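Structure first, then comments.
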Amino acid sequence: MFDLIISGQSFIFLMIASFLAGFLDSIAGGGGLISLPAYMLSGLPMHMVYACNKFAAACGTTIATLRYYRNKMVDIPVGLTAAAGAFLCSAIAAKIVLVLDDRTLKTMMLVILPVVAIITLVNKNMGNENQSHTFTKGKKYAFAFLIGGMIGFYDGLFGPGTGTFALIAFCLILKYDMRTATGNAKFLNLASNYASLVVFILAGTVYWAVAIPAAAFNICGNYLGAGVAIKKGAAVIRKMLMIVIVLLFIKVLSEFFM
């Protein structure tokens, strides 16, 4: 039996947040916008916050990815190629972060997020149909690597909403429908999550008393969210995308002025 170092109320709050984060993340990404603040409010040390969140997210994303795969909504070769680009450019971005100050990074995000929101609103047909077949295999893999590189660079530079931007990129650049783009984004996220999780486990920073039950709730949220995305398609994913973009903007704006 595990001993809890947080209150019972905080534990219950974390489980609810983990479920909601999984639900949101499975559809449009951005689950960390819900789960990370909840972990921080619980009073856990920051190294445990990131480790527990990563463990729960990795478990939940695994289930969502499997569900998308079973419904033939994941292009595995493209996902693998994008993941390779993400790993490479994430490392490059991590070095750039050492040069740029935090305020500069947040200013960049305050410019980028409204642009992304406008693009999503203006392109009303974005992701309605899967037109990725119009690309040759060579072009598809090249663009997949480019997408992975862009998303990995963003992840290493800033982080929050990585899955959301991956989804949008797969729709706009490779012309995937919303559901397949979501599946591809999950595949990219999955590789990234497990790479980080291994580091946390080896460092011994995963607080299992919280991480395991949080993972169970996150799995439930991911499973139900993926089901909603599979059944409802582009309409619900587009709505969730806008919610995530607004949440991201509020988060960055508050941090910028604080």
Side-chain angles (χ1 to χ4, degrees), residues 2-7 10-26 29-65 83 86-87 89-98 100-102 105-106 109 151-166 185-186 188-219 221-222 244 247-248 250-252 254-255 258:
F2 294 114
D3 290 323
L4 279 175
I5 59 174
I6 60 175
S7 69
S10 293
F11 180 81
I12 294 171
F13 178 66
L14 270 177
M15 297 308 106
I16 295 172
S18 294
F19 173 83
L20 293 174
F23 186 86
L24 179 64
D25 205 51
S26 65
L33 295 170
I34 295 175
S35 58
L36 279 173
Y39 276 108
M40 288 188 283
L41 286 172
S42 72
L44 284 173
M46 284 306 297
H47 62 280
M48 286 186 179
V49 165
Y50 283 107
C52 291
N53 182 66
K54 188 60 68 176
F55 178 78
C59 292
T61 302
T62 300
I63 299 303
T65 305
F87 279 122
C89 292
S90 181
I92 296 172
K95 292 184 179 181
I96 294 176
V97 168
L98 299 176
L100 297 176
D101 64 271
D102 192 57
L105 294 174
K106 288 181 171 61
M109 286 305 301
I151 301 306
F153 190 83
Y154 168 78
D155 195 21
L157 200 64
F158 194 76
T162 298
T164 306
F165 289 119
K186 289 298 105 189
L188 193 157
N189 269 355
L190 191 64
S192 178
N193 280 341
Y194 274 109
S196 300
L197 181 58
V198 169
V199 175
F200 288 130
I201 291 176
L202 292 176
T205 56
V206 181
Y207 180 44
W208 300 108
V210 167
I212 291 175
F217 277 86
N218 196 275
I219 285 171
N222 266 278
V244 173
L247 288 174
L248 268 170
I250 292 171
K251 178 182 183 297
V252 176
S254 62
E255 289 181 353
M258 285 175 64

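Predicted, not measured: the structure shown is a model, and the values here were computed from it. The residues of the chain are indexed from 1 along the displayed sequence. For the numbers below, each heavy atom of this structure counts, side chains included, while hydrogens, waters and symmetry mates do not.
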Out of curiosity, [X] [atom1] to [Y] [atom2], how far, rounded to the nearest 0.5 Å?
X    : Y    : atom1 : atom2 : value
M15  : L20  : CE    : CG    : 12.0 Å
N222 : T65  : CG    : OG1   : 8.0 Å
S10  : L44  : OG    : CG    : 8.5 Å
T61  : L197 : OG1   : CG    : 11.0 Å
F55  : T205 : CZ    : OG1   : 12.0 Å
I151 : L188 : CD1   : CG    : 7.5 Å

Measure the shortest side-chain to side-chain distance between [X] and [Y] over non-hydrogen atoms and say whether it is less than 4.5 angstrom.
X    : Y    : answer
L14  : I6   : yes
I16  : F217 : no
V210 : Y39  : yes

I need the minimum non-hydrogen distance between [X] and [Y], along with the two atoms involved.
X    : Y   : value
G31  : A21 : O-CB, 3.2 Å
N218 : S18 : ND2-O, 3.2 Å
P37  : G32 : CD-O, 3.5 Å
A211 : C52 : CB-SG, 4.1 Å

Note to self: Tell me whether the count of non-hydrogen atoms from other residues, nucleotides or ligands lying under 6.0 Å of CZ in F200 goes above 12.
What the structure shows: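 Yes.
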
Notebook entry, point to check: Mind checking what makes side chain to side chain contact (heavy atoms under 4.5 Å, CB included) contact with T62, not counting sequence neighbours?
Noted result: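 So T62 forms a side chain to side chain contact (heavy atoms under 4.5 Å, CB included) with L66, L190, Y194.
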
Any side-chain to backbone donor/acceptor pair from [X] onto [Y]? Under 3.5 Å, distance only.
X   : Y    : answer
D25 : G30  : yes
N53 : V49  : no
K54 : V206 : no

